[in-house]
Asks: 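First, the structure itself, so that you have it in front of you.
Below, chain A is the first sequence line, B the second, and so on; all start at residue 1.
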2 protein chains.
Amino acid sequence: MPKSQDTRQQMLAAATKAFSEKGFYGTSIAAITQDLPYTKQALLHHFGSKEKLYGEVLAGISNTMIENINAVRMDFDKPQLALQEFFIRFYRYTQTQRVETYLLMRELMDNKQRADASQVWYLKPFVELLADMFIQAIDTQTDEANALAAIYQLLGAVNYFAISEATLTNMLGEEQFSRMRNHFESELRQLVRARLDCATASPFAGKQT
Amino acid sequence: MPKSQDTRQQMLAAATKAFSEKGFYGTSIAAITQDLPYTKQALLHHFGSKEKLYGEVLAGISNTMIENINAVRMDFDKPQLALQEFFIRFYRYTQTQRVETYLLMRELMDNKQRADASQVWYLKPFVELLADMFIQAIDTQTDEANALAAIYQLLGAVNYFAISEATLTNMLGEEQFSRMRNHFESELRQLVRARLDCATASPFAGKQT
DNA sequence: ATTTTCACTTACCAAGTGGTAAGTAGTCAA
DNA sequence: TTGACTACTTACCACTTGGTAAGTGAAAAT
């Protein structure tokens with residue numbers, strides 16, 4: 001690996017961390033290079049602008065996610081199994097790659113504000129692939145919009161937990177939170193299965209209280 | 001209402017909107033007063049500092065949420081019904097009060113960064129009341145940590161959808177997204193019920209694939 | 001040997017940041 | 001009538017923001 005590429009990687013890593021912690025607006029390019037042996041102008045030399053740097057960071061994460069999805073697709077033929085397994089792996093990903101998870105969530109929120117200005121949607125390929133996979137996975141008799149809604153709820157169940165670590169730790173105490181986290185994965189498996197079973201048994205049940 | 005109180009309310013409303021759109025760091029106090037007939041120094045006069053203003057905004061939202069929870073508690077005796085109904089109402093709240101929902105999510109994320117510095121946790125009362133309610137609602141035979149995990153997943157299902165509006169609209173197109181939203185509430189009801197039924201039937205099933 | 005390219009630096013810049021100081025105009029009580 | 005108080009303003013302040021300009025030294029290409 002050429003030295004300049006290594007520099008770029010260092011910068012990307014530092015930027016990923018910084019953006020995930022304080023968001024796009026809360027992060028200054030000077031802050032990103034603070035712990036690196038380079039000046040902020042070196043960063044601008046490599047990436048052109050703050051916006052472009054942010055774009056590269058998001059593109060990197062998006063690619064990782066797409067690889068993850070494809071890996072699950074390879075491992076499981078049955079869509080329902082693949083679906084369940086995807087959520088478990090996605091959960092584990094959010095727990096391991098906390099920084100990336102935060103950043104993804106931030107982009108989701110800043111999307112409108114930032115993208116309205118820059119007209120770029122970095123996560124589109126990832127989300128499209130995800131949606132596509134889920135349409136296939138869920139019983140196709142179901143309405144597509146219906147399936148999307150259900151899927152998005154499960155996605156939310158995972159993501160929301162991941163970003164709430166700090167709040168929950170403070171609220172429950174470390175010990176209690178640790179117990180909660182230990183139960184989360186099996187609870188998640190149960191949730192996904194319950195939802196699928198329910199959909200298979202009676203697709204449109206439960207609309208009334 | 002005294003005129004100064006009205007000014008404060010205007011400022012709080014503008015601040016809520018601004019913070020929800022660009023976050024704490026992305027919002028300048030000058031930007032908050034831009035569309036108001038006051039200068040930023042008037043804002044500082046009323047609230048002292050940006051941090052204190054943010055605190056008042058969050059406290060207001062937290063109070064509203066607590067009132068919502070208490071209202072559901074009054075309306076339903078049976079905890080399971082109250083639980084289901086709470087999520088539906090919570091969902092509707094997130095759809096109506098988009099600005100507040102965004103802000104809540106942002107605080108969840110910035111919590112660690114911001115609160116580590118200021119040592120204040122604005123949302124603690126709200127989340128504690130919520131957790132308390134859910135402990136009561138779920139079958140007490142279940143482990144407390146288990147219940148918390150399950151509850152948090154449902155909470156995530158609702159919240160995540162609310163903040164994804166911009167991304168989903170762009171990704172799916174307005175028409176498709178609209179259909180998805182129309183299905184969301186009944187899907188949510190189904191999800192909550194499925195999860196509760198499952199827990200009642202076999203509390204610890206589904207740990208293995 | 002000379003030119004070009006690359007990685008990176010110092011030196012800037014205008015615009016914006018949160019916040020302070022010192023007022024001004026108005027109300028209200030003594 | 002005076003003095004305190006309130007709501008707000010203008011005038012600043014030191015500092016940070018993203019970004020530009022113009023270089024430097026080294027390696028690579030000609």
Asks: Provide, to the nearest angstrom, the distance between the NE2 atom belonging to B/His45 and the P atom belonging to C/dA22.
Replies: 17 Å

Asks: Side chains of A/Asn63 and A/Glu67: do they bring a donor and an acceptor to under 3.5 Å?
Replies: no

Asks: Across nucleotides 13-21 of chain D, 5' to 3', mark each nucleotide with B, S or - according to how protein heavy atoms within less than 4.0 Å reach it.
Replies: ----SBBB-

Asks: Would you kindly give the CG-to-P distance between A/Leu36 and C/dC8, to the nearest whole Å?
Replies: 11 Å

Asks: Under the rule for ring-ring contact (aromatic ring centres under 6.0 Å, His included), what residues qualify as partners of B/Tyr160, not counting sequence neighbours?
Replies: A/Tyr152

Asks: May I ask you to verify if any side-chain N or O of B/Thr7 is less than 4.0 angstrom from the OP1 or OP2 atom of D/dC8?
Replies: yes

Asks: With sequence neighbours left out, write down each residue that passes salt bridge (charged side-chain N to carboxylate O under 4.0 Å, His left out) with B/Arg92, or none if nothing qualifies.
Replies: B/Glu185

Asks: Determine the sole option in B/Asn68, B/Thr94, B/Asp75 for which the side chain to side chain donor-acceptor pair (under 3.5 Å) test with B/Arg89 is passed.
Replies: B/Asp75

Asks: Can you see if the side chain of B/Thr39 gets near the phosphate of D/dT9 - specifically, an N or O under 4.0 Å from OP1 or OP2?
Replies: yes

Asks: For the residue pair B/Tyr93 / B/Glu100, report whether a side-chain donor-acceptor contact shorter than 3.5 Å exists.
Replies: no

Asks: For the residue pair A/Gln190 and A/Arg193, confirm or rule out a side-chain donor-acceptor distance under 3.5 Å.
Replies: no

